[in-house]
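First the structure, in the form of structure tokens, and then the observations on it.
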Amino acid sequence: MTILTLHNTLTGRKEAFRPIEPAHVRVYACGPTVYNYAHIGNGRMAVVFDLLVRVLREIYPRVTYVSNITDVDDKIMDAARQNGEAIDIITRRYEAIYNEDMAALGVVKPDIQPRATEHISEMIAQIEQLIARDHAYAVQGHALFHVPSFPAYGGLSGRSRDDQIAGARVEVSPFKKDPADFVLWKPSTSEQPGWDSPWGRGRPGWHIECSAMAEKHLGLPFDIHGGGADLKFPHHENEIAQSCCAHGHENDLSAFARYWVHNGFVTVDGEKMSKSIGNIRLVHDLISHYPGEVLRLTLLSAHYRAPLSFTADALDQARSTLDRYYRILFDLKEVEAGAGTVPAAVLNALCDDLNTPQVIAELNALVRDVANADLSQRQQIKASLLATGDLLGLLQTDPAAWLGYGVQDGVDGVAIEKLLQERQNARQSKDFGRADEIRRELSAMGIEIEDTPQGTKWRKAS
RNA sequence: GGCGCGGUGGCCGAGUGGCUAGGCAGAGGACUGCAAAUCCUUGUACGCCGGUUCGAUUCCGGCCCGUGCCUCCA
């Protein structure tokens, strides 16, 4: 049996993954708040957990992957006010765009993608449980989680409650019993979206939605909880507090989720993405300039926990790596691949805490001797390459189309053929000056040519 | 200030207590009229200072630098 190891934030160590039920692995990852286009950092999270789920599916018979849509949030309300649009118009629009953009990155849609607004009653029920167990209290239309009621609080991020208060930059609301207490429910004005609750008309705090939706769709405890590294505190810390305390597991932080997996941040040219710097890279824009697989491989070219500097150079490198694999597949197009399996070295690398750079190295090793391989070795290489591509969510395009052979759109095939014939004539009469001139003309049209023993081929350069 | 993550050859990027990934770029060569593509050859790097050790890039301590988070900002 293949053993997956994962770095578990809860213990701070790399551990062997042991599912609660090997017959059914359950995963939750915090999804986007839908009020804008997703940026490449959101894309990284989606790609990393998509890959994790693919690897789990390779090992285990059944995997359920839940990733939520946050469609009630103050940032959404701000966006609605600014655009003069209804909130649900905005959230449904950006939810659809999010799913399209992630699909372009090769992300398989989660099995369940619950919306926060469709789980209000579950959230209210959980808050009532917390109040009943004296872990929360109602005051002035709010419901607040009382952090001192949960001594184990802070176990995920490793900060003491005192540290948090000492470092807090935000003024503490006067009605909080303790400065560290956080909101479970807050009142809405009549213009704001709201739902009736035991504490009056209001809306949920941010953290409670994930606790409620994960529990409803996966049951507790479940196997893996993921998200961006920025969510460790306070979001995931608070989820643990809510879910453990609602069920009386005050001494067991793993009573909610067993393994916590966090992906690192994406920077742009080494700088944080921010509106003020104006360097936010939206997936929606990037996919019109780069094939989705180039973006996906770029995101997988660093280990998922390491920071990733998103640069034009990194994109170019991912593209040339993919070009090389596609060229090999193109050269092997007459070779019968047969049923392929993912090479053990690749699966082992993936099972080593998703060591994707190692996977790429293994892929290079696989492909290194293709030129000197015999037929059965070529069949094996092709099958392994395709199987690995399927697992990684790469190499899903027809090689000829990827490389630009036989392109019909945006090229004048007749003119190209005419120029190629003219060049051929020039070469035969040793008029290489004219032949090179024609090659430059074609190059200016975006057409690259290759002279082979079988004649001259052309391709549309990407 | 607190907590976390990271600093590897020109660039990207794994990993390891001693056998020193991989890719890109560069250099040389083969092939080609010249190219392109491909193939061959070529790179002893691990932030700084101590310590442990026969031996540290890898372990321990300190420091420096970069980066993220610090409670929903109504």
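Chain letters run A, B, ... following the sequence lines, proteins first, then strands; residues in each count from 1. Quick caveat: nothing in here was measured; it's all calculated off a predicted structure.
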Point to revise | Side-chain heavy-atom pair Glu448(A), Leu442(A) within 4.5 angstrom cut-off | key: no
Point to revise | Check ion pair Asp78(A)-Arg81(A) (N to O, under 4.0 angstrom) | key: yes
All N/O pairs under 3.5 Å across the protein-nucleotides 28-33 of chain B interface:
{"residue": "rG33(B)", "atom": "O6", "partner": "Arg423(A)", "partner atom": "NH2", "Å": "3.3"}
{"residue": "rG33(B)", "atom": "O6", "partner": "Arg427(A)", "partner atom": "NE", "Å": "3.3"}
{"residue": "rG33(B)", "atom": "N1", "partner": "Asp436(A)", "partner atom": "OD1", "Å": "3.0"}
{"residue": "rG33(B)", "atom": "N2", "partner": "Asp436(A)", "partner atom": "OD1", "Å": "3.3"}
{"residue": "rG33(B)", "atom": "N2", "partner": "Asp436(A)", "partner atom": "OD2", "Å": "2.7"}

Review point. Which part of the nucleic acid, if any, lies within reach of Ala229(A) when heavy atoms closer than 4.0 Å are counted: base, sugar-phosphate only, or nothing?
Key: nothing
Review point. What's the closest nucleotide to the Pro234(A) side chain, out of rG13(B), rU71(B), rC72(B)?
Key: rU71(B)
Check your understanding: Quick one: His146(A) NE2 to rU71(B) P, roughly how many Å, whole number?
Key -> 19 Å
Find every protein N or O atom lying less than 3.5 Å from an N or O atom of nucleotides 4-8 of chain B, and list the pairs.
{"residue": "rG4(B)", "atom": "O2'", "partner": "Lys232(A)", "partner atom": "NZ", "Å": "3.2"}

**Study point:** G-U wobble or Watson-Crick pairing nucleotide for rC3(B) (cut-off 3.5 Å, both distances)
**Key:** rG68(B)
Exercise for review: Pick the P atom in rU67(B) and in rC24(B), then give their distance to the nearest Å.
Suggested key: 30 Å
Review point. So, do Ser301(A) and Thr356(A) sit near enough that their side-chain heavy atoms are less than 4.5 Å apart?
Key: no
Exercise for review: Round to the nearest Å and state the distance from Met273(A) atom CE to rG66(B) atom P.
Suggested key: 20 Å
Revision key, fill the gap. Of Arg459(A) and Asp313(A), the one whose nearest nucleotide on RNA chain B sits closer to the 5' end is Asp313(A)
Check your understanding: For Ile76(A) and rA74(B), what is the distance between atoms CD1 and C1' respectively, to the nearest whole Å?
Key -> 16 Å
Study note, to complete from the structure: When Asn364(A) and Asp331(A) are each assigned the nearest nucleotide of RNA chain B, the 5'-most assignment goes to Asn364(A)
Study note, to complete from the structure: Mate of rC63(B) across any strand shown (Watson-Crick or G-U wobble, both atom pairs under 3.5 Å) is rG47(B)
Practice item. Go through rA21(B), rC72(B), rC24(B) for me and flag the one nearest to the Arg324(A) side chain. Key: rC24(B)
Practice item. Count the heavy atoms of every other residue, nucleotide or ligand shown that sit under 6.0 Å from NZ of Lys333(A), and state whether that count exceeds 12. Key: yes
Check your understanding: If only side-chain N and O atoms of Asn355(A) are considered, is one of them under 4.0 Å from the OP1 or OP2 phosphate oxygen of rG15(B)?
Key -> yes
Point to revise | Selection from rG23(B), rC72(B), rC39(B) that lies nearest to any side-chain heavy atom of Thr321(A) | key: rG23(B)
Review point. For the pair made of CZ in Phe182(A) and C1' in rC72(B), what is the distance, rounded to whole Å?
Key: 11 Å
Review point. To the side chain of Gln317(A), which of rC11(B), rC72(B), rA74(B) is closest?
Key: rC11(B)
Check your understanding: Roughly how far apart, to the nearest Å, are rC11(B) and rG47(B) at atom P?
Key -> 14 Å
Exercise for review: Write down the distance separating the P atoms in rG62(B) and rC46(B), rounded off to the nearest Å.
Suggested key: 23 Å
Point to revise | Heavy-atom check, side chain of Ile447(A) versus side chain of Lys460(A), under 4.5 Å | key: yes
Review point. When rounded to the nearest Å, what value does the distance between C1' atoms of rA56(B) and rG50(B) take?
Key: 13 Å
Review point. Does Leu385(A) reach the side chain of Leu363(A), with side-chain heavy atoms less than 4.5 Å apart?
Key: yes
**Study point:** Validation row: Arg296(A), Leu394(A) side chains within 4.5 angstrom (heavy atoms)
**Key:** yes
Exercise for review: Determine the interatomic distance between P on rU58(B) and the same-named atom on rC19(B); round to the nearest Å.
Suggested key: 14 Å
Check your understanding: Below 4.0 angstrom, N of the basic side chain to O of the carboxylate: do Asp88(A) and Arg115(A) qualify?
Key -> no
Review point. Going by an N to O cut-off under 4.0 Å, is there a salt bridge joining Arg54(A) and Asp50(A)?
Key: yes
Review point. Considering Watson-Crick and G-U wobble pairs with both distances under 3.5 Å, what does rG22(B) pair with?
Key: rC12(B)
Check your understanding: Is there a side-chain contact between Trp199(A) and His142(A) (heavy atoms, below 4.5 Å)?
Key -> no
Point to revise | Same-atom distance (P) from rA45(B) to rA21(B), integer angstrom | key: 12 Å
Practice item. Rounded to whole angstrom, note down the P distance from rC59(B) over to rU42(B). Key: 31 Å
Practice item. Please state how far atom CD in Gln140(A) lies from atom P in rA74(B), giving the value in whole angstrom units. Key: 17 Å
Check your understanding: Atom CD of Gln454(A) and atom P of rU38(B): how far apart are they, to the nearest Å?
Key -> 16 Å
Practice item. Decide, yes or no, whether a salt bridge links Glu437(A) with Arg440(A) under the criterion of side-chain N to carboxylate O below 4.0 Å. Key: no
**Study point:** Heavy-atom side-chain proximity of Val47(A) to Leu295(A) below 4.5 angstrom
**Key:** no
Exercise for review: Please determine, for the side chain of His303(A), which listed nucleotide (rA14(B), rA74(B), rC24(B)) has the closest atom?
Suggested key: rA14(B)
Exercise for review: Look through every strand shown and name the nucleotide pairing with rA37(B) as Watson-Crick or G-U wobble, where both distances are under 3.5 Å.
Suggested key: none
Practice item. For rG2(B) versus rU71(B), give the span between their C1' atoms, rounded off to a whole number of Å. Key: 15 Å
**Study point:** Phe310(A) CZ - rG13(B) P separation (whole Å)
**Key:** 13 Å
Practice item. Round to the nearest Å and state the distance from Lys457(A) atom NZ to rA36(B) atom P. Key: 15 Å
